[in-house]
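First up is the structure itself, then whatever we jot down about it.
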There are 2 protein chains.
Amino acid sequence: MNNAFKALSDPTRRRVLELLKQGPLSAGELAGQFEVSKSTMSAHFAILREAGLVASEKHGKSVVYHLQISVLEDALLGFARLFGWEMTAKPDATGVPDDRKETGI
Amino acid sequence: MNNAFKALSDPTRRRVLELLKQGPLSAGELAGQFEVSKSTMSAHFAILREAGLVASEKHGKSVVYHLQISVLEDALLGFARLFGWEMTAKPDATGVPDDRKETGI
DNA sequence: TCGATATTTCGCTGATTATCAAATTATTTG
DNA sequence: CAAATAATTTGATAATCAGCGAAATATCGA
């Protein structure tokens, strides 16, 4: 959980997670959304990966990242519970179009 | 919100918030719970204060800190909502004994 | 007013962080 | 195979961070 909170402390990384909530994206597609260099973004991806907040798969030339929503949920939920909050998932707020629901691709 | 997440990235500071959820404590009482020096703790308090997560009042010789629960809630809730989670306060999970409920002292 | 107590500020250090450009690795395609 | 593309690794730098002890500030009680 500590690594998760460390990873969440950077606004760039939080925005990466936010982009990934709508579905998987390649390193290049993600990096294209930010002003910083690709190597900097690669370092951010590594931190998110080590925290378990994202996972990656190599597809041909590109590396596709996707959100590990349960890890994010556990970190946030675990902490929120200490303060008497209950966190519940809204039925559908993933932003993933219906026709991609099952595959997750 | 960025400052709040920065402040939450340190485990010592998260534990401070956790201690304060049960009620206000002085700088000394808080520092006594940790292995680090009082000056280090004072720096942590300053970061939490600047993030708005705690507030302090001087009472005689001592400085009493208390949790600004709504600021913590807003930071966590604001972020959680981006991911389709609903955060609700449980009716009573403050840990504050009933006989102190009204005064908040 | 003097000494004790509580806390913060100051000056410093070593570790970590975010950043970049350049080099490297892996993969696809001509 | 060679060139092009995608991403990571490396090496370097400037900034921030957590930590300490010592000095400073403020308040209380004798």
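So that the names make sense, note that chain A is the first sequence line, chain B the second, and so on, each numbered from 1.
Checking D:dC20, C:dT7, C:dC20 against the side-chain heavy atoms of B:Val63 singles out C:dT7 as nearest. Side chain of A:His44, nearest nucleotide from C:dA18, C:dT7, D:dA7: C:dA18. Distance from the side chain of B:Lys58 is smallest for D:dA26 among the nucleotides D:dA26, D:dC20, D:dA7. Closest contact between the side chain of B:Lys61 and the listed nucleotides D:dA6, C:dA6, C:dT8 involves C:dA6.
Remark: the backbone N or O of A:Ala7 is paired with a side-chain donor or acceptor of A:Arg13 at under 3.5 angstrom.
Between the CZ atom of A:Phe45 and the C1' atom of D:dT9 there is a distance of 15 Å, rounded to whole Å. One can place CD of B:Glu57 at 19 Å from P of D:dA26, the figure rounded to the nearest angstrom. Here the P atom of nucleotide D:dA7 and the CZ atom of A:Arg49 are 12 Å apart, to the nearest Å. When rounded to the nearest whole Å, the span between CD of A:Glu50 and P of C:dT16 equals 14 Å. As a whole-Å value, the separation of A:Leu30 CG from D:dT8 P is 10 Å. Look at CG on A:Leu25: it is 15 Å from C1' on D:dA7, rounded to the nearest Å. One interatomic measurement links the two molecules: CZ of A:Phe34 to C1' of C:dA18, which rounds to 14 Å at whole-angstrom precision. Following rounding to the nearest Å, B:Lys38 (NZ) and D:dA22 (P) show an atom-to-atom distance of 16 Å.
A centroid separation of 6.0 Å or more is found between the aromatic rings of A:Phe5 and B:Phe5.
A sub-4.0 Å separation between OP1 or OP2 of C:dT19 and a side-chain N or O of A:Thr40 is absent. Here A:Ser42 reaches the OP1 or OP2 of D:dT8: one of its side-chain N or O atoms lies under 4.0 Å away. At D:dA7, one or more side-chain N or O atoms of A:Ser26 fall inside 4.0 Å of OP1 or OP2 (strictly under the cut-off). For A:Tyr65 and D:dA6, the shortest distance from a side-chain N or O to OP1 or OP2 is not below 4.0 Å.
With hydrogens and angles ignored, a donor-acceptor pair closer than 3.5 Å exists between the side chain of B:Ser39 and the base of D:dG21.
Between B:Leu53 and B:Leu67, the shortest heavy-atom distance links the atoms O-CD1, 3.6 Å. Of all heavy-atom pairs between B:Met87 and A:Ala80, the closest is SD-CB, 4.3 Å.
The CD atom of B:Gln33 sits 9.0 Å away from atom CE of B:Met41, with the distance rounded to the nearest 0.5 Å.
Annotation: of the two residues near DNA chain C, A:Gly60 and A:Asp10, the 5′-most nearest-nucleotide partner is A:Asp10. A residue-by-residue look at B:Met41 and A:Ser9 shows that B:Met41 has its nearest nucleotide of DNA chain C further toward the 5' end.
You'll find the side chain of A:Leu72 reaches within 4.5 Å of the side chain of A:Leu8, heavy atoms only. Residues A:Phe83 and B:Leu76 form no side-chain contact, since every pair of their non-hydrogen atoms from C-beta on lies 4.5 Å or further apart.
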Every protein N/O lying under 3.5 Å from an N/O of nucleotides 14-16 of chain D:
none

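Residue contacts shown for B:Ser62 are limited to sugar-phosphate atoms, with no base heavy atom under 4.0 Å away.
Classified by interplanar angle (parallel below 30°, tilted 30° to 60°, perpendicular above 60°), the ring pair B:Tyr65/B:Phe45 is tilted.
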